[in-house]
2 protein chains.
Amino acid sequence: MNEDIIARASGIISRNIGDSGYCALALIDGDGYPHASTISPAKTSGIRVIHFCTGFGARTAKIGDRAKASVCFNSPEYNVTLDGTIEIVTDPAVKRDAWYDAMSAHFSGPEDPGYCVLRFTTERYSLFVDLKEARGTI
Amino acid sequence: MNEDIIARASGIISRNIGDSGYCALALIDGDGYPHASTISPAKTSGIRVIHFCTGFGARTAKIGDRAKASVCFNSPEYNVTLDGTIEIVTDPAVKRDAWYDAMSAHFSGPEDPGYCVLRFTTERYSLFVDLKEARGTI
């Protein structure tokens, strides 16, 4: 049962990749407040792993080496919530692989020192798709 | 300058009220993870206060009397992030005022003991609307 809902959620995520895709990424501030803001996923592997391209800044400062995080894809029809951890990727090959065209508006290329790739790894999922619910751990 | 962006953000929020409106609400779990999930705003006052109708359950258990929270309205074109606190409303008049038709699918009426109203109060805003950014405190 959960497999079917997970497959539908994976489809929602895969349709939200790149410049026109988006989700909310929630992190915890230094003062203990949650903070949810918009980000475009760059590359995903089902509901298990999501890579994001961004610049070093306030958001990445909250992450440090690794941080607890939540990702939420939503619409009036569905909710895909993934809770887990997020880390800054340093592997140049992964950073090149995550790069997509829209990044060139902000960075000279995957080697630009300001270009940052984040890897989110799901530990728990909470899904509402096509009027069906599924919750679980990975 | 911020006033103009705040007015535009207020417009986005006011167009996202009721059954077809939605945003992500991020809370912090008992184990310290942020958790962002979808909820429909019931009533708003600009970017300052948002009321939500919901049922008592896992989400309201996270809130207790009051909790730090973040609300995010987003699309590929904009981001409206509000950080602040959220509390459970007990005033019957406010609960009646927040009630809207879609709630009748879940509750017998504003006096239904399972019906819960949450009041979110903004302390900080982070807005990106019409390619303009604004950040500040309230």
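Residue numbers begin at 1 in each chain, while the letters A, B, ... track the order of the sequences.
Cluster membership for B:Leu27 and A:Ile28, using ILVMFWY side-chain heavy atoms within less than 4.5 angstrom, is not shared. A continuous path of Ile, Leu, Val, Met, Phe, Trp and Tyr side chains, each step under 4.5 Å between heavy atoms, connects A:Ile13 with A:Phe52, placing both in one hydrophobic cluster. A single hydrophobic cluster is not seen to contain both B:Tyr33 and A:Phe120; linkage of ILVMFWY side chains at heavy-atom distances under 4.5 Å, directly or through other members, places them apart. Linking Ile, Leu, Val, Met, Phe, Trp and Tyr residues whenever their side-chain heavy atoms come within less than 4.5 Å leaves B:Ile17 and B:Ile50 in two separate clusters.
Within the structure, every pair that satisfies the side-chain hydrogen bond (donor to acceptor under 3.5 Å, both in side chains) test and touches residues 40-57 of chain A, not counting sequence neighbours, is listed here: A:Lys43-A:Asp97.
The candidate with the highest count of non-hydrogen atom pairs below 4.5 Å against chain B, out of A:Cys23, A:Gly21, A:Gly84, is A:Gly84. Ranked by heavy-atom pairs shorter than 4.5 Å toward chain A, the options B:Thr81, B:Asn79, B:Asp83, B:Asn74 are led by B:Asn74. Comparing B:Asp29, B:Leu25, B:Asp19, B:Thr85 by heavy-atom pairs within less than 4.5 Å of chain A, the highest count is held by B:Asp29. Per-residue counts of heavy-atom pairs under 4.5 Å with chain B were compared for A:Ser70, A:Pro34, A:Cys72, A:Pro76; the largest is that of A:Pro34. Contact tally against chain B (heavy-atom pairs below 4.5 Å) for A:Ser20, A:Ser75, A:Ala26: the top residue is A:Ser75.
Identified by a heavy-atom distance below 4.5 Å to chain A, the contributing residues of residues 121-134 of chain B are B:Glu123, B:Arg124, B:Ser126, in residue-number order.
Heavy atoms of B:Asn16 lying under 4.5 Å from chain A are absent altogether. For B:Ser37, the parts lying near chain A are the backbone and the side chain together; criterion is any non-hydrogen pair under 4.5 Å.
Note that NZ of A:Lys95 is 9.0 Å distant from CZ of A:Phe107, once rounded to the nearest 0.5 Å. Distance CZ/B:Phe56 to CD1/B:Ile63: 9.5 Å, rounded to 0.5 Å.
Around CG of A:Asp65, the count of heavy atoms belonging to other residues, nucleotides or ligands within 6.0 Å does not exceed 12. Around CG of A:Asp31, the count of heavy atoms belonging to other residues, nucleotides or ligands within 6.0 Å exceeds 12.
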